[in-house]
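Position 1 is the first residue of the sequence; numbering continues from there. It should be emphasised that the depicted structure is a prediction, and the values quoted were computed from it without experimental measurement.
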Amino acid sequence: MTFIFDPEIQRAVLAHMNDDHRDDNVLIARAFGPVSTVVSARMTGFDGDGGEWVVTDEGGAVTEVRVPWPGGSIAERREVRREIVALYDEACRRLGVEPRPH
């Protein structure tokens, strides 16, 4: 069964990702989604199995992207950060982008 995080935890993580890590959202969406011409991406949700983003491409088309956590299922808040950082690092690797230090 998929673990569902408390709504307050979800709000905090989503606000942080969408306010402070907009470029990271775009990199993750480009690397893991079906669209390479991503111009914007917002993290819209997550659960114990992965994260979700709404992605807009150059033509204005909107797509939803779900990406499983690289380390497998999680159930604790501290694990969310670890898995998002792992997604970011893998996105950078896939796209040939130098990741910034964490």
Side-chain angles (χ1 to χ4, degrees):
M1 181 171 219
T2 300
F3 183 82
I4 304 299
F5 287 88
D6 180 88
E8 184 54 38
I9 292 172
Q10 290 190 29
R11 276 191 292 278
V13 170
L14 295 175
H16 176 70
M17 287 301 295
N18 293 322
D19 292 342
D20 299 337
H21 296 287
R22 290 183 191 128
D23 292 341
D24 298 356
N25 287 335
V26 170
L27 286 173
I28 291 167
R30 281 184 183 152
F32 293 97
V35 179
S36 62
T37 59
V38 175
V39 293
S40 70
R42 286 187 52 79
M43 190 173 193
T44 57
F46 63 93
D47 57 31
D49 293 331
E52 299 162 352
W53 285 262
V54 170
V55 177
T56 304
D57 71 12
E58 289 176 341
V62 176
T63 306
E64 292 185 15
V65 174
R66 178 156 174 91
V67 184
W69 301 131
S73 295
I74 60 174
E76 294 185 30
R77 181 182 181 143
R78 65 181 166 77
E79 295 173 313
V80 176
R81 180 184 188 283
R82 180 192 72 209
E83 293 303 314
I84 291 174
V85 168
L87 284 178
Y88 167 77
D89 286 344
E90 177 59 17
C92 289
R93 188 192 70 73
R94 287 182 181 196
L95 298 172
V97 173
E98 183 69 29
R100 70 178 183 293
H102 307 296

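Atom CG of Leu87 sits about 11.0 Å away from atom CZ of Arg82, to the nearest 0.5 Å. Atom CG of Leu14 is separated from atom CD1 of Ile9 by 11.5 Å, given to the nearest 0.5 angstrom. The line from CD1 of Ile84 to NE2 of His102 is 12.0 Å long, rounded to the nearest 0.5 Å. Taken to the nearest 0.5 Å, the CZ atom of Arg81 stands 15.5 Å off from the CD atom of Glu76. In this structure, His16 NE2 and His21 NE2 are separated by 3.0 Å, a value rounded to the nearest 0.5 Å. Interatomic distance, Asn18 CG to Ser40 OG, rounded to the nearest 0.5 Å: 10.5 Å.
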Candidate pair Tyr88 and Leu27, rule side-chain contact (heavy atoms from CB on, under 4.5 Å), full reasoning: CA-CA 7 Å; Tyr88 167 77; Leu27 286 173; 3.7 Å; yes
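Open room surrounds CG on Asp23; 12 or fewer heavy atoms of other groups in view lie less than 6.0 Å from it. Around the CZ atom of Arg94, the shell of radius 6.0 Å holds more than 12 heavy atoms that belong to other residues, nucleotides or ligands.
For the pair Ala29 and Ala41, the tightest heavy-atom approach, listed with the atom from each and the gap, is CB-CB, 3.8 Å. Across Asp49 and Ser73, no two heavy atoms sit closer than the pair OD1-OG, 2.6 Å. The minimum heavy-atom distance between Val26 and Val39, with the atom names listed, is CG2-O, 4.2 Å. Between Thr2 and Gly48 the shortest heavy-atom distance is CG2-N, 4.0 Å. The minimum heavy-atom distance between Trp69 and Gly50, with the atom names listed, is NE1-N, 3.1 Å. Across Asp47 and Arg66, no two heavy atoms sit closer than the pair OD1-NH2, 2.7 Å.
Cluster annotation: Val13 is not connected to Ile4 through the hydrophobic network of ILVMFWY side chains, with a link wherever side-chain heavy atoms come within less than 4.5 Å. Tracing side-chain contacts under 4.5 Å through hydrophobic residues (I, L, V, M, F, W, Y), one never reaches Val54 starting from Val35; they form parts of separate clusters. Following chains of ILVMFWY side-chain contacts shorter than 4.5 Å, one can reach Met43 starting from Phe3, so the two form part of one hydrophobic cluster. Residues Val85 and Met17 are members of separate hydrophobic clusters, defined by side-chain heavy-atom contacts under 4.5 angstrom among Ile, Leu, Val, Met, Phe, Trp and Tyr.
Inter-residue side-chain proximity for Glu64 and Thr44 is flagged as unmet; no heavy-atom pair is nearer than 4.5 Å. Side-chain contact between Arg30 and Val55 is absent, with no heavy atoms from C-beta onward closer than 4.5 Å. Residues Asp57 and Val38 form no side-chain contact, since every pair of their non-hydrogen atoms from C-beta on lies 4.5 Å or further apart. Residues Arg77 and Asp6 are not in side-chain contact: their nearest non-hydrogen atoms beyond the backbone lie 4.5 Å or more apart. Counting heavy atoms from C-beta on, the side chains of Glu83 and Pro70 come closer than 4.5 Å.
The aromatic rings of Phe46 and Phe5 sit tilted relative to each other, their planes meeting at an angle between 30° and 60°.
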